[in-house]
Amino acid sequence: MKAEIVQTNNNFNIKKSKSSGAFSVMWREILKDKLALASLFILGLLLITVYGATLFINQDKLVTVDLLSIYSPPSADHLLGTDYGGRDILGQLLIGAKNSFTIGFFITLIAGIIGLTVGITAGYFGGKVDNFMMRIVDFVMILPSLMLIIVFVTIAPKYNVYTFIFIMSIFLWTGKARLIRSKTLAERELDYVNASKTLGTPDWKIIIREVLPNLSSIIIVNLTLNLAGNIGIESGLTYLGFGLPETTPSLGTLVSYATNPDILQNKWWIWLPASFLILVMMLCINFIGQALRRAADARQRLG
Amino acid sequence: MLKFILRRILIMIPQLIILSVLIFALAKAMPGDALTGQLASSPKMDAQTLHELKQKLGMLDPPYVQYFRWLKGLLHGDMGMSIIHQTPVTQLLAGRMENTILLSAAVLILSYLIAIPLGIVSGRWTDSWADKMVVGYNYITFATPLFIFALLMLFIFGFVLGWFPTSGSVDIRVENGTFSYFMSKVNHLILPAFSGAIISTTVTIQYLRTEIIDTKIKDFVKTARAKGVSESNVYTRHILRNSFLPIAAFLGYDIVSLIGGSVFLESIYGYPGIGQLFITSIAQRDFSVVTALVMISGLATLVGTLLSDIILSAVDPRIRIE
Amino acid sequence: MGNQPLLQLKNLRTSFRIQDDYFAAVDDVSLTVNENEVVAIVGESGCGKSALALSIMGLHQEGRTKLEGNVNFNGRNLLSLSTGEMNKVRGKDIGMIFQDPLTALNPLMTCGKQIEESMTYHTSFTGGEKKERALELLKSVGIPNPGRTYKQYPHELSGGMRQRVVIAVAIACNPSIVIADEPTTALDVTIQAQIMDLLKELQKKNETGIILITHDLGVVAEMADRVAVMYAGEIVELADVHTLFENPLHPYTRSLLNSIPSTTDEKERLHVIQGVVPSLKNLPRKGCRFKNRIEWMDDHEHEENPVLREVEPDHFVRCTCYKNFHFPEEK
Amino acid sequence: MVFLKINNLKVYYPIRGGFFRRVVDHVKAVDDISFELKQGETYGLVGESGCGKTTTGRSIIGLTKSTAGEIIFEDKDLTKLSRKDYHNYRRDIQMIFQDPYSSLNPRKRVLDIVAEPLRNFEKLTIAEERQKVQFYIEKVGLSPEDVYKYPHEFSGGQRQRIGIARALTLNPKLIIADEPVSALDVSVQAQVLNFMQDIQKEFNLTYLFISHDLGIIQHMCDRIGIMYRGQFVEEGAAEDIYTNPQHIYTKRLISAIPDINPKNRDKQVEFRKKVNEEYKNSYDKYFNAEGKVYKLKQISNTHSVALP
């Protein structure tokens, strides 16, 4: 009987005390920001459509050249017209969007993990470890990364999607490492970290259980904004012809048709929808990211 | 001050060495002799001649010998030959470099001209409608990839409206040195420069705005107001000067993004600069040019970070005195 | 002018906007400051003392703050002045000293230039005259090498030296009133003593009126002529310094005085009232604001609408609850 | 048995300078100090900012590595223990931090904060753990339901109590209190000080009380050490220091305490003037050519002063 009372008491209190967890604060901020909420909705719809539709698309048919309908403008057969090979643009658009998003996502994830690990280790341990790691970061940051990525893509043997993700990740983790390091440095100076040390908590546990949760909002924000950026870089590189291999079309592939002035000027249906799709995706992700950023920074919260 | 710069340059040296080693290693991984621009692997060649040619080119020497030979050449301004153009790389670069510097400078200046007033307005009158507009503008420019924006600008203003030329850096029909030559240059520059500038305003605006918001609640600003300093002078003398520091610190990384940006801008607008040269060279496998360009870009970035450190130490007395 | 007070606050109320409502951080405060008088405003964080200081100077964030009542100075109500008009008063007639010397000076400007700045606005001095005056000020605030400090940046000085520069900035134009917001809190004890002595010396020499905002009763005992004790936005007790320390009446004042570990008593328990100053949003707005901190007192000991009442000549106390007050341990 | 004895403790930080950033000198944060704590007493370390008092405390608990010297706790030199052996001494020495805001992880519930040391040292069931946490939370004057709240729901004084509860869960013998009340308002300060005295009796604690506030030190401490630039200037029982200060620096510190009686203010100013005069005139007597103080010399059973 007594235990029961305690139990109910506890439940009551768990509900009463407002959680200050990173996720709930972020969720509340998104709900408050109409633009971010709309973005979330649009992006969700978009992703469901893209990933759903690509399940049903016959990829073989999509890549077969149909000489009878070269460069046909939008019609009932081909809602967004066809390209120089008579291939359906809408289908390519859907596949491209799927590839762009998936690859952007993995690049963000891998670069994020590397950046987080390096940043948090350097920041937490400081001293020589920090010095060494930051030397590397500083060096990578001053490299002309776009050019080097292009060079790597060109000379890589057995070039495929994985190679591309790998090359991109190598150059894109440094910014995150720097950010996480500076935040970790600030966190490390706070007494709760010192307290944990004096309480006998091992370093790895302090990093994971104490420091990491306090960085979670910054990490989420940063990854979100990076996701948008990385999709942009990927499609940009593909546009230049140094992105995804031809077997994996991306949105950038469609846009790259516009390097031909005739297509740019007269056959808008080939490149414009892909451009708009990139724009919409990036805007949506960014609006969500900005709302998350406000949530992470108490000064900027909407209320 | 001089000591500071000297030490800063000293720190640059190992970075430069590592950079050169990296590029050397990359060049070795490229087919042919990317360093001198000579082809050593033509399919028609038999093994014997190939070996002789390689020997002649020094490709069989130990790597460190080749590295130092290349470095020595580099220091004498010898960047090898372009296979495609059959001219020395240095010669090939000269004219294009000028174009790229012109374009980059235009982008940088325009971007500051747009970003600084917007950042100030937005930071000073936080939460006003003007601030909200600037923040909205910033969200959009931050989200838009440069190549999409440049392409749309080209499509709208170049092709649909026909206001600006769609390719090149100058009209070939005008004579060098005349006023119309100058005007033609400017006319060719406007579209790429604006496209690049608008997309690169984001960082400056963002930093300036948050920095002003942070600075204006600081105690020393209260002290200034308590002295009776007029509102406009509180901004010009106290808040803005302090708020410009991070922008100065960012100049070096601005150069990194300018180099990246020029690759896109020049290939979209067919603007004959080093960015465009880079893309065509790599497509034509003209690797000696590629190597030279990467080395130059790396050097430019290093000089950029050095420059921003010097500027920063000139404005901020806390850095000047060690 | 005679006995005319230098500065007179009448029913000053400062309210801050939190979301959509305004909450009074300073509530109905009336106070006078005379020439050559040091009035201390003492209280704990959240009592409204700093808000009071900023209200007099008009330094609150616009749009977030509502000011009501009167701040009479030289026959004008400062609250009704425009920013431009107020700028002519700030720095010239009223100077201000801030708490943290580390942040109160512009890091990118030399100390000399920062001292000269207010002269630019309030005097017709030439550059040379300004420099002369700045050096003179640096000397008068006890800086050993004025010529060198004039050219130095704030970060090159120690905390105590910086606070001296802050004081020089505040008194550059010989203001008749100086508002000192926790002028010694951020300093080490020995420096604190030096700054206290310096402020007193300057005050006597220039016959300045000082409003001393502090939480430290030791500083009050050493510097003030009159003391106002603030709690939850209101003055709860007001008296000259001797009366207040010898015969404190309000329970809050008594608790505050008890909380200082005295240098004469041995290691006795400190008799204090538990709890803290309530936050702005949770202030009780009706009745005695101290009521729920002293729950062992009967309700009828409190007044329904407590006012600051003169209980003996020049000694004011709010509410009647002080009459039979005792600490719980005292029983 | 010696409870805690510090022998010739030194903590130096390198200063890098010159063109190649080589180590040119050291900041001697703690420069050869020795003192001893007896079980059950409260020992006060006083000094102004930068005098090394905090560094001393931090090196005793292992947050800062000492450059040289011995920290003997119950006959074992802590500086020579292996990481694993040292872990066992963690339970006996605990710390109360200065800032009640940053010393509690904002993302954790009070339960998880207070239970952290238990999870490191004891294997308890969830129910046992909660019971134990609630026991200590009640001891520090909060209610048992408070364990499900987050730190931001408490005031500064309450947070400081939660920090103390966390330190108490391991039944420590020595508590290093680094400016435990200086971030708090005066009346809350008094509340926490009272409370620290109460638990000292109840749990038989020894305090190393670090503070810049001589009033609080006098109120709390049995013996006092005064630090200046990493060294001890004077050490003695509380009455030795306050009624019979010998070193000029001690005198300066004491003369700087504001007198709570307004009647004495002129006297106080005079006193300070006199001490300052003495400081200027007899500087050479107390400080050597490098501006350092001399080694401590015992002048009575309880009282030592740094004199040549």
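Just so we're on the same page: letters track the sequence lines, and every chain starts at 1.
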If you check every heavy atom in residues 220-236 of chain B against those of chain C, which residues fall under 4.5 Å? B:Phe220, B:Lys222, B:Thr223, B:Arg225, B:Ala226, B:Lys227, B:Gly228, B:Val229, B:Ser230, B:Glu231, B:Asn233
Let me confirm one number: the CG-CG distance from B:Leu240 to B:Leu208, rounded to the nearest 0.5 Å. 7.0 Å
Of B:Ile109, B:Leu110, B:Leu103, which meets side chain to side chain contact (heavy atoms under 4.5 Å, CB included) against B:Val107? B:Leu103
How many angstroms lie between atom CG of B:Leu108 and atom CD1 of B:Ile101, to the nearest 0.5 angstrom? 12.5 Å
So, B:Asn99 versus B:Arg96: side-chain donor-acceptor pair below 3.5 Å or not? no
Is there a donor in the side chain of B:Asn242 and an acceptor in the side chain of B:Lys216, or the other way round, less than 3.5 Å apart? no
Rounded to the nearest 0.5 Å, what separates atom CG in B:Asp309 from atom OG1 in B:Thr305? 6.5 Å
Roughly how far, to the nearest 0.5 Å, is OG1 of B:Thr126 from CD1 of B:Ile212? 8.5 Å
Roughly how far, to the nearest 0.5 Å, is the CG atom of B:Asp214 from the CD atom of B:Glu211? 6.0 Å
Would you please test B:Phe278 and B:Ile259 for side chain to side chain contact (heavy atoms under 4.5 Å, CB included) and show each step? CA-CA 11 Å; B:Phe278 177 76; B:Ile259 292 171; over 6 Å; no
Under the rule for salt bridge (charged side-chain N to carboxylate O under 4.0 Å, His left out), what residues qualify as partners of C:Glu132, not counting sequence neighbours? none
Out of curiosity, B:Leu93 CG to B:Leu293 CG, how far, rounded to the nearest 0.5 Å? 5.5 Å
Any residues in residues 96-118 of chain C near chain B, with a heavy-atom distance under 4.5 Å, and which are they? C:Met96, C:Phe98, C:Asp100, C:Thr103, C:Ala104, C:Leu105, C:Asn106, C:Pro107, C:Leu108, C:Met109, C:Gln114, C:Glu117, C:Ser118
Looking at C:Glu136 and C:Arg133, does any basic side-chain N land under 4.0 Å from a carboxylate oxygen? yes
Under 3.5 Å, is there a donor on one side chain and an acceptor on the other for B:Ser262 and B:Thr100? no
Who in residues 11-18 of chain B is close to chain C, using a strict under-4.5 Å heavy-atom cut-off? none
